[in-house]
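This report refers to the structure that appears directly beneath it.
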Number of protein chains: 2
Amino acid sequence: MTVDRGIVVGLNAVIVALECDRPRVLTVSVPEGTPLEGGTAALDRADGPGSTALPTGPLDPTGDRTLELALRRWVKAWSGLDLGYVEQLYTFGDRFRDPAERQGGPRVISAAYIGLTHQDEPAGASVARWRSIYTFLPWEDGRRGRPPLIDEAIEPALARWVERGQKDRSLRRERASLAFGFGESPWDGERVLERYEILFEMGLVSERGRHGGNAGEQPGGRPPVGPDLGLDMAFDHRRILATALGRIRAKIRYRPVIFELMPETFTLLQLQRAVEALAGVRLHKQNFRRLVDKGGLVEGTGRMDLKTGGRPAELFRFRREVLLERPTPGVGLPGL
Amino acid sequence: MTVDRGIVVGLNAVIVALECDRPRVLTVSVPEGTPLEGGTAALDRADGPGSTALPTGPLDPTGDRTLELALRRWVKAWSGLDLGYVEQLYTFGDRFRDPAERQGGPRVISAAYIGLTHQDEPAGASVARWRSIYTFLPWEDGRRGRPPLIDEAIEPALARWVERGQKDRSLRRERASLAFGFGESPWDGERVLERYEILFEMGLVSERGRHGGNAGEQPGGRPPVGPDLGLDMAFDHRRILATALGRIRAKIRYRPVIFELMPETFTLLQLQRAVEALAGVRLHKQNFRRLVDKGGLVEGTGRMDLKTGGRPAELFRFRREVLLERPTPGVGLPGL
DNA sequence: CCGGTTATACTCAAAACGAGTATTATGGAG
DNA sequence: CTCCATAATACTCGTTTTGAGTATAACCGG
């Protein structure tokens, strides 16, 4: 038991890409017992049974001019990936997010960033792997209708969780309706974090070394019992991923970030599938087309894609000028 | 010259309140030479000539369960203010944001938070003071039309700045149009940070110990010469304030945060003035009323306010239920 | 040349929005 | 007591935007 009770700062990257209509996130394997602040560079030797984590790297306090540049630097050095669009996501600093803190380890503060790329090359380092985002958050993929998981597995557990809340039953009921779209409340794709947090409080998803629920509701540290709610991640990285997905879903509606994930030219259906992949819902095809076209977000190239399986589709490209014309050029989600 | 080249973590608070139609931010006076990481608690003795700063406090790595609770704790302890709504804003970690770093001081990372309150009580500590947000960002207040400052003072300087850009003139021109709404581009109230950053690069606003512009364009560390662009703040706190204002302007459009700043009941004109104060633009009265009323954001109380100066106005209150009904219940800005 | 598949064009009613005019209720000045 | 400045509130109206379609076109494999 060390007595270094200082504060340590790390950087986390949620690197997102699309492979056709599959939204991917770059993950690494970490061996059992890796401390949270250990940079990814130290993970190259990892191969044994461990868990999945987000890439993590250090800040060089005298070398890195900004946090973002530090992130770009070690992502590039470690995976060869040149990130295009990068934005700060959130800074995570809860106590015990690194379980080693319980044994006297330092408080670990992680500034997490989102990076979007369309280079889907497998990263050089062997520990890196692209995985579907919905591997970790399966209830978020509503492209084939409301996931049965919600009404079959989550809803009954939610009902019990609401009952367990002594004084704040109505508060819990309200939170649950709002987050999962029960009753009057509509489903809001952007409330990813709210859903995750409720599942965490219910004990249906766990974070390494911590446990959800009120004290006593669920013994800490053990894997959750109950329905299959996707793959776990090390530390609070699944929470970070949930935060990132919520942010991305919100952002595609008012900034043209979706094009960071697209190739130079694309058909309108490819673009629609990309938006759907991240938003987690199906969209109305004709109205989607109208929105991006009349909204000035894309322009035709005259060239055609002949491999559509049906009538050839025109290839479009992103119209950069739209940034100068409209205040909030997002893609809009014409629901189905 | 010390050799402690570690990393230090601090917390910053942008605490916003409204006094009628004046948007205020809580500031403290710091004496010359205060290090960035020194918590506000240490500032009680400040009274000499110094500069204005945002409240800053420490994270107790073994005592504070979360960053947000740490912030609430020291804001309460130091100013007596009980913050209602709090959200994380951004984490600032650029090198040399604390000038002491040049003399071997540690790299200072600050997690900044926004706090909204309607308690406009003067804070207990004598160093605290409410100041108008537009004292620091005067070009952001467009309530009486486009600020003359922009076309009279900023635009000519921008033109020179664009010319100075050797290779990236068109890039600079584009950034300037986009940020300040020249030519085809509309004014976008939310681009507060983009405007600030251009002014910083131009050398029209400065940050203690740093200088804007490309190397050689402007000697570092000196106060900027040129038109009056508002009051400076210590460190990069004016940048933090700009970030906060941009975030708030964006947020009022899709979350009902404006009500965090309002009293329990209010007239629709008071609500409109509050939104205008933060958004920095005048709104169309009848359409604003239609939006908040038909949007289900408010409900009448039956009681009247007789001190309007004209016909008495009904007092309204926030309809909390709207959160359950609509996905993004913001106020909307029916421009004038 | 037929049916499956996808692209693209076009329609139509409902809702939302921008920009007003009209009317009502106060308090204060003359 | 009337007039008027000041607001509040009600209502209108043409334009866009949106939701939800139908209709038609072009390719492929058999």
Side-chain angles (χ1 to χ4, degrees), chain A residues 20-21 186-187 189 253-254 265-276 279 281-317 322 325-336, chain B residues 20-21 186-187 189 253-254 265-276 279 281-317 322 325-336:
Chain A
C20 299
D21 58 353
W187 173 267
R253 301 212 332 196
Y254 61 93
T265 63
F266 44 82
T267 69
L268 292 183
L269 188 59
Q270 284 166 359
L271 183 65
Q272 182 183 342
R273 294 285 178 249
V275 173
E276 288 174 340
V281 290
R282 299 309 295 308
L283 302 177
H284 186 284
K285 186 169 174 170
Q286 298 90 323
N287 289 346
F288 177 81
R289 151 183 285 277
R290 178 173 63 185
L291 280 175
V292 295
D293 196 7
K294 285 204 172 176
L297 280 163
V298 297
E299 60 189 355
T301 63
R303 289 185 296 127
M304 303 300 261
D305 180 358
L306 301 169
K307 292 163 296 192
T308 57
R311 172 174 168 177
E314 185 170 6
L315 287 164
F316 288 78
R317 76 164 68 87
V322 74
E325 298 159 5
R326 283 176 40 200
T328 56
V331 287
L333 304 179
L336 200 60
Chain B
C20 299
D21 59 354
W187 173 267
R253 300 212 333 195
Y254 60 94
T265 62
F266 45 81
T267 69
L268 292 183
L269 187 60
Q270 283 164 359
L271 183 64
Q272 182 182 342
R273 293 283 178 250
V275 173
E276 289 174 338
V281 290
R282 297 313 294 306
L283 303 177
H284 185 283
K285 185 171 176 170
Q286 297 93 322
N287 289 346
F288 177 81
R289 152 185 284 277
R290 179 173 62 185
L291 280 175
V292 296
D293 196 6
K294 285 204 171 176
L297 280 162
V298 297
E299 61 189 355
T301 63
R303 289 185 297 128
M304 303 300 261
D305 180 357
L306 301 168
K307 291 164 297 189
T308 57
R311 173 175 168 175
E314 185 168 7
L315 287 163
F316 288 78
R317 76 164 69 88
V322 75
E325 298 159 5
R326 283 176 40 200
T328 55
V331 286
L333 305 179
L336 200 60

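None of these values were measured; they are calculated from a predicted model. Per chain, numbering begins at 1; letters A, B, ... match sequence-line order.
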Inset, instruction - Walk me through it: do A/Arg273 and A/Arg282 pass the test side-chain contact (heavy atoms from CB on, under 4.5 Å)? - result: CA-CA 8 Å; A/Arg273 294 285 178 249; A/Arg282 299 309 295 308; 2.8 Å; yes
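- For DNA chain D, the span of nucleotides reached by chain A at under 4.0 Å from its heavy atoms goes, 5' to 3', from D/dT18 to D/dC27.
- Interatomic distance, OG1 of B/Thr308 versus CD of B/Glu314, reported as 13.0 Å (0.5 Å rounding).
- To the nearest angstrom, P of C/dA16 lies 17 Å from CZ of B/Arg253.
- If one axis is set at each end of the helix from C/dC1-D/dG30 to C/dG30-D/dC1 from five pairs, those axes are 10° apart, to 10°.
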Legend entry - Chi angles and distances behind the side-chain contact (heavy atoms from CB on, under 4.5 Å) call for A/Leu291, A/Val331: CA-CA 7 Å; A/Leu291 280 175; A/Val331 287; over 6 Å; no
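- The backbone N or O of A/Gly295 sits less than 3.5 Å from a side-chain atom of A/Arg326, completing a donor-acceptor pair.
- Rounding to the nearest 0.5 Å gives a distance of 11.0 Å between CD of B/Gln272 and CG of B/Asp21.
- Separation of atoms OG1 (A/Thr267) and CZ (A/Phe316) is listed at 9.0 Å; rounding is to 0.5 Å.
- Counting any heavy atom pair closer than 4.0 Å across all strands shown, B/Leu306 reaches no nucleic acid atom.
- Here the CZ-NE2 distance, from A/Arg290 to A/His284, works out to 8.5 Å after rounding to the nearest 0.5 Å.
- With values rounded to the nearest 0.5 angstrom, B/Lys285 atom NZ is found 9.5 Å from B/Leu268 atom CG.
- Rounding to the nearest 0.5 angstrom, the gap separating the CG atom in B/Leu297 from the CG atom in B/Leu271 is 8.5 Å.
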Legend entry - Nucleic acid footprint by protein, nucleotides 4-13 of chain C - heavy-atom cut-off 4.0 Å, B for base, S for sugar-phosphate alone: BBBBBB-B--
Inset, instruction - Go through A/Phe288 and A/Val275 one step at a time and tell me if the side-chain contact (heavy atoms from CB on, under 4.5 Å) criterion holds. - result: CA-CA 10 Å; A/Phe288 177 81; A/Val275 173; 4.1 Å; yes
